[in-house]
Visitor: 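Next up is a structure, given as structure tokens.
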Amino acid sequence: MTTTDAPTARVTDAARRSWVAVVGGGANVEHDVSLASAAAAASALAPTHDVVRLTIGRDGRWSVDDVDLPVDEAVAVIAACDVLLPAVHGPHGEDGTLAALADVIGVACVGSGVGAGAIAMDKAVTKLVAAAAGVAVAAGRVVRGTGSALDGVPLPAVVKPVASGSSHGVRCVTTRDELADAVEAALAIDRSALVEEVVVGREVDVAVLRRADGTTVTSPPLEILHAGAVFDTTTKYDGSARFVVPAALTDDEARALADAALAVTDALGCDGVARVDFFLTADGPVLNEVNTMPGMTAHSQVPRMFAAAGLPYAELLADLVAGALARHRAPAA
């Protein structure tokens with residue numbers, strides 16, 4: 001596809017196929033993962049939608065099928081489409097940035113809006129929202145430096161950048177030296193780091209889908225089995241982890257996870273699909289984090305979960321596009 005293949009004007013014929021601008025890449029550490037999500041989503045939508053594929057480079061430059069575009073021309077391409085699918089994980093994408101762009105140019109956008117994206121991207125603020133909604137969270141502290149900023153931090157601890165994904169910069173530490181090194185590494189990715197207590201429990205994810213008809217669906221729970229102390233970037237993508245869906249849970253455990261996932265996504269105001277990651281402890285679910293634009297290849301966790309519920313990958317994506325259009329066309333409250 002070249003820029004000349006993209007729509008040049010909005011067509012109003014309700015019977016035509018919708019134009020979807022799928023954006024991947026991004027100027028952050030999740031660039032490669034985002035490229036994979038965007039490529040898979042675009043291919044799955046292509047049989048039923050007209051798809052324009054755009055990429056944001058690591059340097060922030062835009063392109064359509066490897067043809068560089070000035071940012072104003074890239075925005076014009078998106079503006080001529082019906083829907084933006086921002087398959088950009090992490091900062092400058094999942095954090096509400098691209099949702100804001102869609103709002104400004106009047107295009108429907110798949111996924112959460114500006115507020116939910118921005119809040120959920122900040123792990124520390126997400127925990128405040130979750131706790132206010134009655135969902136358990138790990139004790140933690142936000143730090144912006146080493147030295148005295150780490151005085152009194154109990155060990156062992158888990159260190160992570162406050163606003164990043166794909167487990168980049170996540171470490172489990174047991175000594176003061178390791179703590180300082182891990183915080184320094186996290187601060188190389190983000191301006192602040194979150195230092196949390198270690199939570200002992202099963203790692204179980206639940207996805208929440210808000211459909212075009214306004215109903216909300218929770219996925220079967222997915223359990224992550226891995227050998228490491230934390231589910232870090234290497235473990236996430238080297239094939240050593242095993243995903244079990246549906247997870248082997250009691251009815252009460254499954255219900256508690258679904259209720260907690262709904263409570264958090266409702267409190268954040270999430271739309272489209274969001275993945276909510278928990279530790280399932282002896283005392284119930286403890287929130288780990290919320291992903292408002294989770295991995296979206298056919299083999300990613302969210303599509304696996306909904307496939308187990310009988311919703312195939314292509315239909316999930318079509319549902320997300322339909323939901324974005326329905327929200328965009330709904331009268332303002």
Side-chain angles (χ1 to χ4, degrees), residues 21-42 53-64 66 68-71 74-75 78 84-104 109-126 142-144 158-171 182-194 230-238 268 270 272-275 277 288-297 300-302:
V22 179
V23 181
N28 63 57
V29 295
E30 295 190 77
H31 179 89
D32 290 338
V33 178
S34 296
L35 286 180
S37 287
R53 306 171 189 236
L54 298 98
T55 299
I56 303 174
R58 296 179 190 278
D59 58 2
R61 296 182 182 181
W62 290 69
S63 63
V64 176
D66 298 323
D68 289 342
L69 284 182
V71 66
V75 171
I78 296 171
L84 169 63
L85 197 167
V88 177
H89 312 306
H92 312 301
E94 187 176 354
D95 58 359
T97 307
L98 290 176
L101 172 63
D103 279 353
V104 169
C109 187
V110 170
S112 292
V114 179
I119 295 171
M121 194 75 238
D122 188 311
K123 295 178 177 64
V125 177
T126 297
V142 175
V143 297
R144 294 177 175 83
V158 174
V159 179
K160 60 185 72 171
V162 164
S164 188
S166 292
S167 299
H168 285 282
V170 177
R171 295 190 196 176
V183 168
E184 187 174 351
L187 294 177
I189 297 173
D190 192 17
R191 289 178 294 180
S192 53
L194 181 59
V230 294
F231 189 41
D232 59 14
T233 303
T234 300
T235 307
K236 186 167 286 190
Y237 298 112
D238 68 3
L268 290 171
C270 296
V273 70
R275 195 188 77 227
D277 302 348
N288 184 15
E289 64 180 41
V290 177
N291 295 266
T292 56
M293 182 48 68
M296 204 47 75
T297 72
S300 299
Q301 287 146 265
V302 166

Visitor: Between Ala102 and Cys109, what is the shortest heavy-atom contact and its length?
Guide: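 Scanning both residues, the minimum pair turns out to be CB-CB, 3.7 Å.
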Visitor: Could you tell me if the side chain of Lys123 sits less than 4.5 Å from the side chain of Lys160, heavy atoms only?
Guide: yes
Visitor: Which pair of non-hydrogen atoms, one from Val162 and one from Asp190, has the smallest distance, and what is that distance?
Guide: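 Taking every non-hydrogen atom into account, N-OD2, 3.3 Å.
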Visitor: Does any part of the side chain of Arg53, heavy atoms only, come nearer than 4.5 Å to the side chain of Asp66, both counted from C-beta?
Guide: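 Heavy-atom side-chain distance check fails, nothing below 4.5 Å.
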Visitor: Check whether any side-chain heavy atom of Thr292 sits under 4.5 Å from a side-chain heavy atom of Arg275, and report yes or no.
Guide: no
Visitor: Evaluate Thr55 against Val23 for side-chain contact (heavy atoms from CB on, under 4.5 Å), listing each step before the verdict.
Guide: CA-CA 5 Å; Thr55 299; Val23 181; over 6 Å; no
Visitor: Applying side-chain contact (heavy atoms from CB on, under 4.5 Å) to Leu268 and Val290, what does each step give before you reach the verdict?
Guide: CA-CA 10 Å; Leu268 290 171; Val290 177; 4.0 Å; yes
Visitor: Any side-chain heavy atom of Val170 within less than 4.5 Å of one from Val158?
Guide: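 Of all side-chain heavy-atom pairs linking Val158 with Val170, at least one is under 4.5 Å.
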Visitor: Can you name the nearest heavy-atom pair linking Val143 to Leu187, along with the distance?
Guide: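 Shortest heavy-atom separation between Val143 and Leu187 comes out as O-CD2, 4.0 Å.
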Visitor: Does any non-hydrogen side-chain atom of Leu84 lie less than 4.5 Å from one of Leu98?
Guide: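 The answer is yes; the side chains approach within 4.5 Å.
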Visitor: First locate atom CG of Leu35, then atom OG1 of Thr297, and finally report the distance between them rounded to the nearest 0.5 Å.
Guide: 12.5 Å
Visitor: If every non-hydrogen atom of Ala186 is compared with every non-hydrogen atom of Pro161, which pair is closest and at what distance?
Guide: CB-N, 3.9 Å
Visitor: Roughly how far, to the nearest 0.5 Å, is the CG atom of Asn28 from the OG atom of Ser34?
Guide: 6.0 Å
Visitor: Look up atom CE in Met121 and atom CE in Met293, then write down how far apart they are to the nearest 0.5 Å.
Guide: 12.0 Å
Visitor: Looking only at non-hydrogen atoms, find the nearest pair between Ala124 and Val142 and report the distance.
Guide: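 Scanning both residues, the minimum pair turns out to be CB-CG2, 3.4 Å.
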Visitor: What's the separation between atom SG in Cys270 and atom CD1 in Ile119, rounded to the nearest 0.5 Å?
Guide: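 Between atom SG of Cys270 and atom CD1 of Ile119 there are 9.0 Å.
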Visitor: Using only atom types and a distance under 3.5 Å, with no angle test, would you say the side chain of Asp122 pairs donor to acceptor with the backbone of Ala120?
Guide: no
Visitor: Which heavy-atom pair separates Gly26 from Val88 by the least distance, and what is that distance?
Guide: CA-CG1, 3.9 Å
Visitor: Between Asp32 and Arg58, does a side-chain contact (heavy atoms from CB on, under 4.5 Å) hold up when you go through it step by step?
Guide: CA-CA 9 Å; Asp32 290 338; Arg58 296 179 190 278; 2.6 Å; yes
Visitor: Please report the interatomic distance CG(Asp277) to CD(Gln301), rounded to the nearest 0.5 Å.
Guide: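 Between atom CG of Asp277 and atom CD of Gln301 there are 7.0 Å.
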Visitor: Walk me through it: do Trp62 and Asp68 pass the test side-chain contact (heavy atoms from CB on, under 4.5 Å)?
Guide: CA-CA 6 Å; Trp62 290 69; Asp68 289 342; over 6 Å; no
Visitor: Working to the nearest 0.5 Å, report the span between NE2 of His31 and NE2 of His89.
Guide: 11.5 Å
